[in-house]
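Accompanying notes for the structure given below.
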Protein chains: 2
Amino acid sequence: MANSTAVKPAGKRERLVAGARSLIHEQGVQRTTIAEVAERADVPVGNVYYYFKTKDELVGAVVDGYIADIQAALVRLDRHRTPQARLKALVQMWVDQREDVAQHGCPLGSLCSELGKNDGSGLDVDGAEMLRIEVDWAEGQFRSLGRRDARDLAISLLSGIQGAALLANTFREPEILSRQARRLDRWIDSLA
Amino acid sequence: MANSTAVKPAGKRERLVAGARSLIHEQGVQRTTIAEVAERADVPVGNVYYYFKTKDELVGAVVDGYIADIQAALVRLDRHRTPQARLKALVQMWVDQREDVAQHGCPLGSLCSELGKNDGSGLDVDGAEMLRIEVDWAEGQFRSLGRRDARDLAISLLSGIQGAALLANTFREPEILSRQARRLDRWIDSLA
DNA sequence: GTCTATAGACCGATAGAC
DNA sequence: GTCTATCGGTCTATAGAC
């Protein structure tokens, strides 16, 4: 299934997904048009529909791309020796992107927020899986620390991250992420 | 300035703002059309533009309404005797609305998230003031507790609330708000 | 002041040539 | 497979009757 036609032509599909991802992060799903995506991907407008039957399907591909990237990132975090180090490395990911987050919000959080407004009509893509993977992974780390309330702690951690991202974006202050990350680090160390 | 024509005709303007507020909460700004707002407010479509020159102005009126309501709510919270009781009463406001928040997100948070995508073109309304009022108020409470890091604590508190609201909405689990609120309550009591 | 009708612009999706 | 041209629908905003 991974190669129906020898080698990929030029990665048009990949370029479309990448263009859609960045535009959706900057403008949101609703404000992003197929024409804009095609232009950023350097693909003729009408050709988009050869790769994606609907705009929904394109957004779905963006979500799937995020899921794959998140899983890969979490595997990389597993290399750290202790659960504490892994959890702090997770927090650090948002600090590293603080400028981008302050400018356009957390790519995952703001996308989930927008997709949460879907009530069946119009666009209908489920973004919950993106955050669920992170919560599940964090829960596993807290459980390695011997915490019975691992699930709640995981939700607390992701809440703290996502909330800080929202405030950093609303106030356009990347330092909010740095400062809240320091607090979360201390909180992680205080557990065990 | 509060009464140019004796008594309000029938509160059409108020009904429009109320309709816009609920529709924006349910669907977001972009997906909400003037026609829908007019219908929910029981006002003829074209008449909306007599009260609001543009859609932007209508959204701005919704934001102003939120700001007024927030300020009134915070004044009510000031009745509690201790800063801790006031802060916990603030958290409780989201718990009381947990079903609505799980269904459509925090009205303020999701609106700020969407307005944060505005980059000058298209709609341009600033929603930061809504959250700033809450952060400022919480900062004052923490300062009453003698905390030097009152600003950071206030941002931590609002981050925790907004993050929990985002996860509760994404996973459609109102209990996330209840459980995170209990954690925030304990955290507030542990300070001082 | 109130309402109808519609202009004008834009977008998602399709048809069909190559 | 690739691309152009365009349809049909929807939205904001306005013009103008009452």
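Every chain is numbered from 1, with letters handed out A, B, ... down the list of sequences.
As rounded to whole Å, 14 Å separates atom P of C:dG12 from atom CG of A:Leu16. As rounded to whole Å, 12 Å separates atom P of D:dT12 from atom CG of B:Leu23. Rounded to whole Å, atom P of C:dC10 lies 14 Å from atom CD of A:Glu39. Distance, B:Asn47 CG to D:dG16 P: 18 Å, rounded to whole Å. Atom CZ in B:Arg31 sits roughly 14 Å away from atom P in D:dT10 (whole-Å rounding). Look at NZ on A:Lys55: it is 16 Å from P on C:dC10, rounded to the nearest Å. Here C:dT14 presents its C1' atom at 13 Å from CD1 of A:Ile34, a figure rounded to the nearest Å. As a whole-Å value, the separation of A:Glu57 CD from C:dA13 P is 10 Å.
With D:dA13, C:dG12, C:dT2 as the choices, the nucleotide that has an atom nearest any side-chain atom of B:Lys12 turns out to be C:dT2. The side chain of A:Thr54 lies closest to C:dA13 when the candidates are C:dA13, D:dT2, D:dT12. Residue B:Tyr50 has its side chain nearest to C:dT2 when only D:dA13, C:dT2, C:dG12 are considered. Listed nucleotides: D:dT12, D:dT2, C:dC11. Nearest to the side chain of A:Thr33: C:dC11.
A:Val91 places none of its side-chain heavy atoms less than 4.5 Å from the side chain of A:Lys88. Looking only at side-chain heavy atoms (C-beta outward), A:Leu153 and A:Trp187 come within less than 4.5 Å of each other. Side-chain contact between A:Phe52 and A:Asp56: absent, with no pair of heavy atoms (C-beta onward) separated by less than 4.5 Å.
Nearest-nucleotide positions on DNA chain D for A:Pro44 and B:Ala35 put A:Pro44 closer to the 5' end. The 5' end of DNA chain C is approached more closely, in terms of each residue's nearest nucleotide, by A:Glu36 than by the other of A:Glu36 and A:Lys53.
Residues satisfying the side-chain contact (heavy atoms from CB on, under 4.5 Å) criterion with A:Glu39, sequence neighbours excluded, are absent altogether.
Between A:Arg143 and A:Glu139 a salt bridge is recorded (basic side-chain N to carboxylate O distance below 4.0 Å).
Put simply, A:Tyr51 has a side-chain N or O that comes within less than 4.0 Å of OP1 or OP2 on D:dT2. Side-chain nitrogen and oxygen atoms of B:Tyr49 include at least one within less than 4.0 Å of the OP1 or OP2 phosphate oxygen of D:dA13.
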